[in-house]
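The basis for the numbers below is simple: all heavy atoms, side chains too, and nothing from hydrogens, waters or symmetry mates. All values derive from a computational prediction rather than experimental measurement. Order of the sequence lines sets the chain letters (A, B, ...), proteins ahead of strands, with each chain counted from 1.
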Protein chains: 2
Amino acid sequence: MTYSDKLISYYKIIANDCVLGVSLDCVIFGFHDTRLKVFLLRWKETDEWCLPGGFIYKTESVDDAASRVLYERTGLNQLFLQQFHLFGDANRYDRDDTWQRQKMPMPFSGAWPDRTISMGYYALVDYTKVTPTADFLSDACDWFDVGELPSLLYDHCRIINVALQTLRLQLNWQPIGLNLMPEKFTIPELQRLYEAVLGRPLDSRNFHKKITGLSILTRLDERRTGKAHKSPYLYQFDQLNYQKALINGNLIFV
Amino acid sequence: MTYSDKLISYYKIIANDCVLGVSLDCVIFGFHDTRLKVFLLRWKETDEWCLPGGFIYKTESVDDAASRVLYERTGLNQLFLQQFHLFGDANRYDRDDTWQRQKMPMPFSGAWPDRTISMGYYALVDYTKVTPTADFLSDACDWFDVGELPSLLYDHCRIINVALQTLRLQLNWQPIGLNLMPEKFTIPELQRLYEAVLGRPLDSRNFHKKITGLSILTRLDERRTGKAHKSPYLYQFDQLNYQKALINGNLIFV
DNA sequence: TTTTCATTGTGTACGATTAACATAAAGAAA
DNA sequence: TTTCTTTATGTTAATCGTACACAATGAAAA
């Protein structure tokens with residue numbers, strides 16, 4: 001059975017078991033080495049990349065389908081995962097061009113409707129805890145700097161941009177630190193995250209004042225050592241106060 | 001041809017021409033007499049109400065479908081209309097109970113998939129400019145106070161609540177006045193709108209200061225007369241400055 | 001061993017914004 | 001003419017955001 005045959009039978013199964021004409025795409029954000037990263041898959045036998053995505057089983061809720069996709073690609077569960085936009089244009093992307101770049105076998109058409117609507121989700125994950133796993137359609141996966149994306153299939157470039165815009169807006173009253181940072185971190189490291197998302201530098205003195213003022217952090221007795229210069233304290237999020245602040249909408253941050 | 005037959009043939013046409021298993025629902029907000037209102041339709045031959053909604057033609061973008069539904073129900077075009085949530089639970093509502101309340105003819109099943117995903121849109125409209133128009137499935141339509149909703153079909157009660165939550169959040173950096181108010185209005189009237197959306201009273205002195213400070217209003221030489229007490233000035237939105245403020249994100253308002 | 005130097009942690013001062021509060025003017029009704 | 005409710009506007013104190021300075025740290029360089 002050739003790859004082409006496998007692909008066709010795969011899509012036939014999907015068409016049978018899943019909601020027809022609807023897909024979902026996950027923009028998985030991570031943070032590493034002062035950069036905001038996005039998780040991508042490389043389409044098999046090509047140099048084209050795309051977002052992890054999937055289809056919705058007929059008896060599955062859409063949010064559950066998104067969780068499932070995320071789990072399968074990262075090994076992580078119970079993540080920060082949010083709908084952010086439905087991509088529903090009748091001509092979201094140039095289908096012929098895309099199929100050609102995907103090296104899609106041509107008997108493929110007919111097994112799937114002409115147009116697909118895609119629900120966009122974005123996830124915030126702890127980069128250090130992810131076990132990157134490629135899917136059936138891809139032979140590699142990797143993190144990319146949001147500022148340096150490779151050649152992307154479909155309208156996935158636009159989807160990532162809309163996700164990023166949404167993330168920047170949500171930063172104002174949503175907790176992004178808890179989801180994107182490892183368990184222990186320093187305040188300067190957290191500041192790098194905010195700077196990476198906002199795309200501009202922040203004043204370290206004001207950042208420190210603001211973030212500690214929210215009383216969502218607990219300072220540990222440990223310090224991050226090994227580097228030149230003064231060793232910074234390690235912090236943890238105070239889960240309880242974090243949730244309280246969330247509910248009260250006190251996490252406003254610009 | 002009975003109503004029941006018409007209904008069945010209507011759904012057959014929809015199933016043929018539209019994206020299968022996906023619908024959209026519009027929460028149309030208006031403002032009248034100090035109250036925030038929602039536009040609802042009464043399901044034919046019942047006392048049950050529901051949101052205006054519809055399906056997406058196979059070659060139509062989802063946003064266009066929402067505009068179309070909105071135009072057909074209100075006669076208004078080019079409105080403030082936004083996606084706010086995809087309602088994608090596998091069991092969004094009790095289907096048997098709903099069909100019974102709708103007095104749905106039972107041969108109906110089979111013409112449509114078991115579960116429907118619905119994209120929620122919300123619209124902000126000028127109550128005075130709306131021409132309420134019922135659709136094929138309804139024999140009446142009316143505005144309801146968001147606090148006093150009638151018996152609603154499907155999960156439309158939840159959809160309205162999620163829309164309202166979203167509206168309250170968006171109030172912070174989105175312009176709601178321009179879309180919900182008539183062309184000319186007084187500042188106290190605008191304040192009633194903000195109070196209706198937020199669900200709490202605002203200080204009139206601070207409100208006046210804040211709203212005029214945004215320089216998005218133009219004071220006219222007219223006053224609203226006829227009532228006892230001091231007659232208030234009429235204002236208009238300054239479209240140009242309004243757009244500028246929007247782009248700069250200066251419409252923060254709590 | 002001493003010096004260097006980027007980085008961390010903390011504090012202060014000023015201006016802008018918000019929130020709380022009072023009073024005079026308008027205008028129809030009594 | 002008086003009454004009474006609503007509108008318009010001003011003041012003050014508290015809070016928050018922004019700009020800015022300096023001492024402490026600790027490995028690396030000299």
In whole angstroms, the gap separating P of D/dA8 from CG of B/Leu217 amounts to 12 Å
Which of D/dT25, D/dA8, D/dC20 is nearest the side chain of A/Lys230? It is D/dT25
Between B/Thr186 and B/Arg224, the two heavy atoms sitting closest are CG2-CB, 3.9 Å
Per atom distances to the A/His229 side chain, the nearest of D/dA8, C/dA22, D/dG26 is D/dG26
### Carboxylate-amine/guanidinium proximity below 4.0 Å for B/Arg42 and B/Asp139
yes
Whole-Å distance, B/Asp203 CG to D/dA8 C1', equals 13 Å
Q) Below 4.0 angstrom from OP1 or OP2 of C/dG27, is there any side-chain N or O of B/Ser231? A) yes
To the nearest angstrom, the CG-C1' distance between A/Leu234 and C/dT7 comes to 15 Å
Notebook entry, point to check: Going by atom types only, do A/Thr218 and A/Gln236 share a side-chain donor-acceptor pair under 3.5 Å?
Noted result: no
A/Ile187 CD1 to C/dT7 P, in whole Å, measures 17 Å
Quick check: any donor-acceptor pair below 3.5 Å linking the side-chain of A/Arg205 to the base of D/dA21? yes
Separation of C/dT17 atom P from B/Leu214 atom CG, nearest Å, is 11 Å
Here the distance between atom P of C/dC21 and atom CG of B/Asn206, to the nearest Å, is 11 Å
query: Heavy atoms under 4.0 Å, any strand shown: does A/Lys209 hit a base, just sugar-phosphate, or nothing?
result: base
From the candidates D/dT9, C/dT10, D/dG17, the one with an atom nearest any side-chain atom of B/Arg219 is D/dT9
From NZ of B/Lys227 across to P of D/dT5 the rounded distance in Å is 16 Å
When rounded to whole Å, the CZ to P distance for the pair B/Arg200 and C/dA20 reads 10 Å
Closest of C/dT8, D/dT7, C/dC21 to the B/Arg192 side chain is D/dT7
**Asked** Within the side chain of B/Asp155, is there an N or O that forms a donor-acceptor pair under 3.5 Å with the backbone of B/Arg158?
**Response** no
Test: B/Glu195 and B/Arg192 ion pair at under 4.0 Å: yes
